[in-house]
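Order of listing sets the numbers, starting from 1, for every ligand and every atom in it.
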Amino acid sequence: MASHTTLTSTYGARAGLPTTGPLASYLLRLISIKQTNLCLSADVETSAELIQLAEDVGDSICLLKTHCDIVTDWTDRTATALREIAKRKSFLIFEDRKFADIGETVQKQYTSGHHRIALWAEITNAHIVPGPAIVTALEKAAESTIAKYNTGVHTEISASSCAKLNGVDEDDDEDDEVPPMDGALESPMLMDDGERRLSIKPMDRKQSVVSVSTTISTRTESISPRPEALNASSETFDLDTVKQLVRLGEPPFLRSLLLLAEMSSAGHLMTPEYRQASVDVARSHRDFVMGFIAQRSLNTEPEDNFITMTPGCQLPPPGQEGAKLGDSLGQQYNTPRKLIFESGCDIIIVGRGIVRAPDRKAEAQRYRQAGWQAYEERIGKGQ
Ligand code: 6AU
């Protein structure tokens, strides 16, 4: 693996680099605070299962990846519920749409139709097979979604500070290694009005300051030690983590793209030249392209700080360490250590390894720990 500073830098340090966009920066901070580089691939077929999975595993992940088109009963309510859990449990949402059409078509696929992905997913992905205009088209569609959000009507400003009420001082930044976000706008609330329409309740900067208190109150409620959690849960965040999440606030209302540079499946046709072409396209859209779906880090130039997200990840069952894992349909699996420590990937994407486990919550924690250990080994922590 080629050496690059991003391989030995912490997620927190990378969040602060001048080449890091605000959404990538938010994600890197979130990873650093929650100490998780795990993305759950929630490939389930009903809204109820999806929501239950997000509830069960949300504390252990930085990202939840959806395939909304395999959820048979997907409605706006599904998106609303997911956004609410994402807010409460602090993770971002990535719709694995794999756009691959001409610009005009992908814009519609991204913003319209049954799913209206741009409204609720911070991150999505695309193939560059059709050429670089796919990125320009998605970027424009994202910009118009953001613009609509930013110019929308909003109501109600409440000035109470639940942070103080909950004993969490948002100004107390002692021991905080993750720099605070820089005046970011918050995510929308998707207001399901009972019809086939989502209305967005946007907030301006002034309101976003105030609405932090709402967030704090909700989050603190869910992640501060609850009586049952104190007894049963090993993953309840400690007070310092709670404080850092409170300071981080909600994600900025922005959108970002991942380019598929290399797939995990056997016999894929993404040659090294194709991979390089993806990197070239990404470099000319650094504001919008956050990183890649790839099997290795593709950062080579000094200003590269792309985030590599990697599917095809499983932990072998005990006693079978070293075995080459896959499914019967071409999927190929590597361990978190191989992907993060050896290949320089940043986020592991795990689907069936967690979804099919008898105890999904515990399994997600096992993957979280394995991914984090591999990262600490990579940055040389403890040496
Ligand atoms: O862990 P699994 O094998 O159950 O699920 C892997 C998930 C699936 C795939 O659609 C997706 O990751 N995926 C992708 C993505 C994320 O774009 C690319 C790829 O090369 N391989 C892959 O499996 O939801």
The protein heavy atom nearest to atom 21 (N) of ligand 1 is Ser264 OG, 2.7 Å
Ionic contact status for Glu55 with Arg88, cut-off 4.0 Å = yes
Does any N or O atom in Glu262 lie less than 3.5 angstrom from one in ligand 1, N or O only?
-> no
What protein heavy atom is closest to atom 8 (C) of ligand 1, reported as residue, atom name and distance in Å?
-> Asp43 OD2, 3.3 Å
Taking side-chain hydrogen bond (donor to acceptor under 3.5 Å, both in side chains) as the test, write out the residues that go with Ser47, two or more places apart.
-> Asp73, Thr78
Judged by non-hydrogen atoms, does Gln314 sit under 4.0 Å from ligand 1?
-> no
Can you list the ligand 1 atoms lying under 4.0 Å from a non-hydrogen atom of Tyr333?
-> 1 (O), 2 (P), 3 (O), 4 (O)
Does the Ser343 side chain pair with the main chain of Lys338, one donor and one acceptor, at a distance under 3.5 Å?
-> yes
Determine, stepwise, if the pair His4 / Asn299 fulfils side chain to side chain donor-acceptor pair (under 3.5 Å).
-> CA-CA 7 Å; His4 189 273; Asn299 291 331; 4.6 Å; no
Give me the one residue out of Lys89, Arg360, Lys34, Arg368 that meets salt bridge (Lys or Arg N to Asp or Glu O under 4.0 Å) with Asp59.
-> Lys89
Heteroatom distance test (Ser265, ligand 1): nitrogen or oxygen, under 3.5 angstrom = no
Could you tell me if the ring centre of Tyr11 sits under 6.0 Å from that of Trp372?
-> yes
Of all protein heavy atoms, the one nearest atom 10 (O) of ligand 1 is His67 NE2, 3.0 Å
Atoms of ligand 1 less than 4.0 Å from Gly351 heavy atoms?
-> 1 (O), 2 (P), 4 (O)
